[in-house]
Amino acid sequence: QVQLVESGGELVQSGGSLRLSCKASGLNLDSNDIAWFRQAPGKERVWVSCISNSDDRTFYADAVKGRFTISTDIVNNTVYVQMNNLKAEDTGLYYCATDTYFYCGTTGVPQPGWFENWGQGTQVTVSS
């Protein structure tokens, strides 16, 4: 059974940094791609970043490119997203997700409906 558990979200001032974690169990990250999404209050869930460890590729939404870095600790089966220079618009509930058929690097922006497995989310609040 696949389980994803996010952590690391908190209240931070604009310009600050946070590192979110996504601890995976029931799957191997070296053969399963992971995506991060976020959902602001009253808005749809949108894709932020993803990582493919099988071919060492990472991708980012334009809104976070240059500020966020996604990485994997294979030993601990955990995916991280380092978030720097945070802005008020980064506020939201952050989720990690995976699916057997998801490939990070596929054509098109990843959509929530593509994913079967989700964590419970971790709240990031950036005060301006």
Side-chain angles (χ1 to χ4, degrees):
Q1 181 179 356
V2 175
Q3 186 176 17
L4 303 173
V5 179
E6 303 94 335
S7 62
E10 62 182 71
L11 173 64
V12 64
Q13 288 190 335
S14 179
S17 298
L18 283 175
R19 188 178 77 161
L20 305 184
S21 302
C22 172
K23 174 71 173 179
S25 58
L27 77 163
N28 292 318
L29 292 182
D30 55 0
S31 56
N32 288 273
D33 296 0
I34 298 291
W36 281 92
F37 285 77
R38 68 186 181 189
Q39 187 165 17
K43 297 191 176 181
E44 294 184 348
R45 194 171 299 187
V46 297
W47 172 73
V48 172
S49 179
C50 63
I51 187 164
S52 173
N53 297 298
S54 60
D55 57 7
D56 197 25
R57 302 181 77 185
T58 60
F59 293 88
Y60 301 91
D62 288 344
V64 306
K65 200 171 294 182
R67 300 187 297 120
F68 288 17
T69 304
I70 192 170
S71 62
T72 299
D73 180 344
I74 290 294
V75 172
N76 291 305
N77 227 34
T78 300
V79 173
Y80 301 100
V81 59
Q82 176 68 40
M83 307 188 298
N84 298 328
N85 190 23
L86 283 162
K87 306 176 181 180
E89 51 263 43
D90 294 318
T91 293
L93 195 56
Y94 283 70
Y95 300 90
C96 58
T98 191
D99 188 271
T100 302
Y101 301 104
F102 172 62
Y103 170 60
C104 174
T106 188
T107 302
V109 177
Q111 300 297 314
W114 296 4
F115 297 84
E116 180 179 12
N117 302 295
W118 293 85
Q120 82 289 349
T122 186
Q123 178 67 40
V124 172
T125 303
V126 183
S127 63
S128 57

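What you see is a predicted model, and the numbers here were worked out from it, not measured in a lab.
In the hydrophobic clustering of this structure, Val109 does not group with Val48; members are Ile, Leu, Val, Met, Phe, Trp, Tyr whose side-chain heavy atoms approach within less than 4.5 Å, directly or through other members. Phe68 and Leu18 fall within the same hydrophobic cluster, defined by Ile, Leu, Val, Met, Phe, Trp and Tyr side-chain heavy atoms under 4.5 Å apart, directly or through other members. A continuous path of Ile, Leu, Val, Met, Phe, Trp and Tyr side chains, each step under 4.5 Å between heavy atoms, connects Ile74 with Ile70, placing both in one hydrophobic cluster. A continuous path of Ile, Leu, Val, Met, Phe, Trp and Tyr side chains, each step under 4.5 Å between heavy atoms, connects Trp36 with Tyr60, placing both in one hydrophobic cluster. In the hydrophobic cluster analysis, where Ile, Leu, Val, Met, Phe, Trp and Tyr join through side-chain heavy atoms closer than 4.5 angstrom, Phe59 is grouped apart from Val81.
The shortest non-hydrogen separation linking Leu93 to Gly121 is CD1-C, 4.0 Å. Counting all heavy atoms, side chain and backbone alike, Gln123 lies closest to Gly92 at NE2-O, 3.4 Å.
Residues passing the side-chain contact (heavy atoms from CB on, under 4.5 Å) test with Thr122 are Glu6, Leu20, Tyr94, sequence neighbours excluded. When the salt bridge (charged side-chain N to carboxylate O under 4.0 Å, His left out) test is applied to Arg19, no partner is found at least two apart in sequence or on another chain. Residues forming a salt bridge (charged side-chain N to carboxylate O under 4.0 Å, His left out) with Asp99 (at least two apart in sequence, or on another chain): none.
Among pairs with a residue in residues 86-118, those fulfilling disulfide bond (SG atoms under 2.5 Å apart) read Cys22-Cys96, Cys50-Cys104, at least two apart in sequence or across chains. Pairs of residues two or more places apart, or lying in two chains, that qualify as salt bridge (charged side-chain N to carboxylate O under 4.0 Å, His left out) and include a residue from residues 41-63 are Asp62-Lys65. The salt bridge (charged side-chain N to carboxylate O under 4.0 Å, His left out) contacts involving residues 29-40 comprise Arg38-Asp90, where partners must be two or more places apart or lie in separate chains.
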Just do the side chain to side chain contact (heavy atoms under 4.5 Å, CB included) check on Gln120 and Val5 with the steps written out, would you?
-> CA-CA 7 Å; Gln120 82 289 349; Val5 179; 4.1 Å; yes
Audit row: Ser7, Ser21, side chain to side chain contact (heavy atoms under 4.5 Å, CB included) steps and yes/no | CA-CA 5 Å; Ser7 62; Ser21 302; 3.7 Å; yes
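Sparse packing is recorded around CD of Glu116, with 12 or fewer heavy atoms of other residues, nucleotides or ligands lying under 6.0 Å away.
Partner of Met83 under the side chain to side chain contact (heavy atoms under 4.5 Å, CB included) criterion, out of Val64, Val124, Val12: Val124 alone.
In this structure, Thr106 contributes its side chain and Tyr103 its backbone to no donor-acceptor pair below 3.5 Å. Between the side chain of Asn53 and the backbone N or O of Leu29 there is at least one donor-acceptor pair closer than 3.5 Å. Put simply, the side chain of Thr78 gets close to the backbone of Asn76: a donor and an acceptor are under 3.5 Å apart. Asn77 places a side-chain N or O within donor-acceptor distance of the main-chain N or O of Leu27, the cut-off being under 3.5 Å.
Close placement of the Trp118 and Phe37 rings is indicated, their centers lying within 6.0 Å of each other. Aromatic ring centres of Phe115 and Phe102 lie closer together than 6.0 Å.
With hydrogens and angles left out, the side-chain atoms of Thr98 and Asn32 include no donor and acceptor closer than 3.5 Å.
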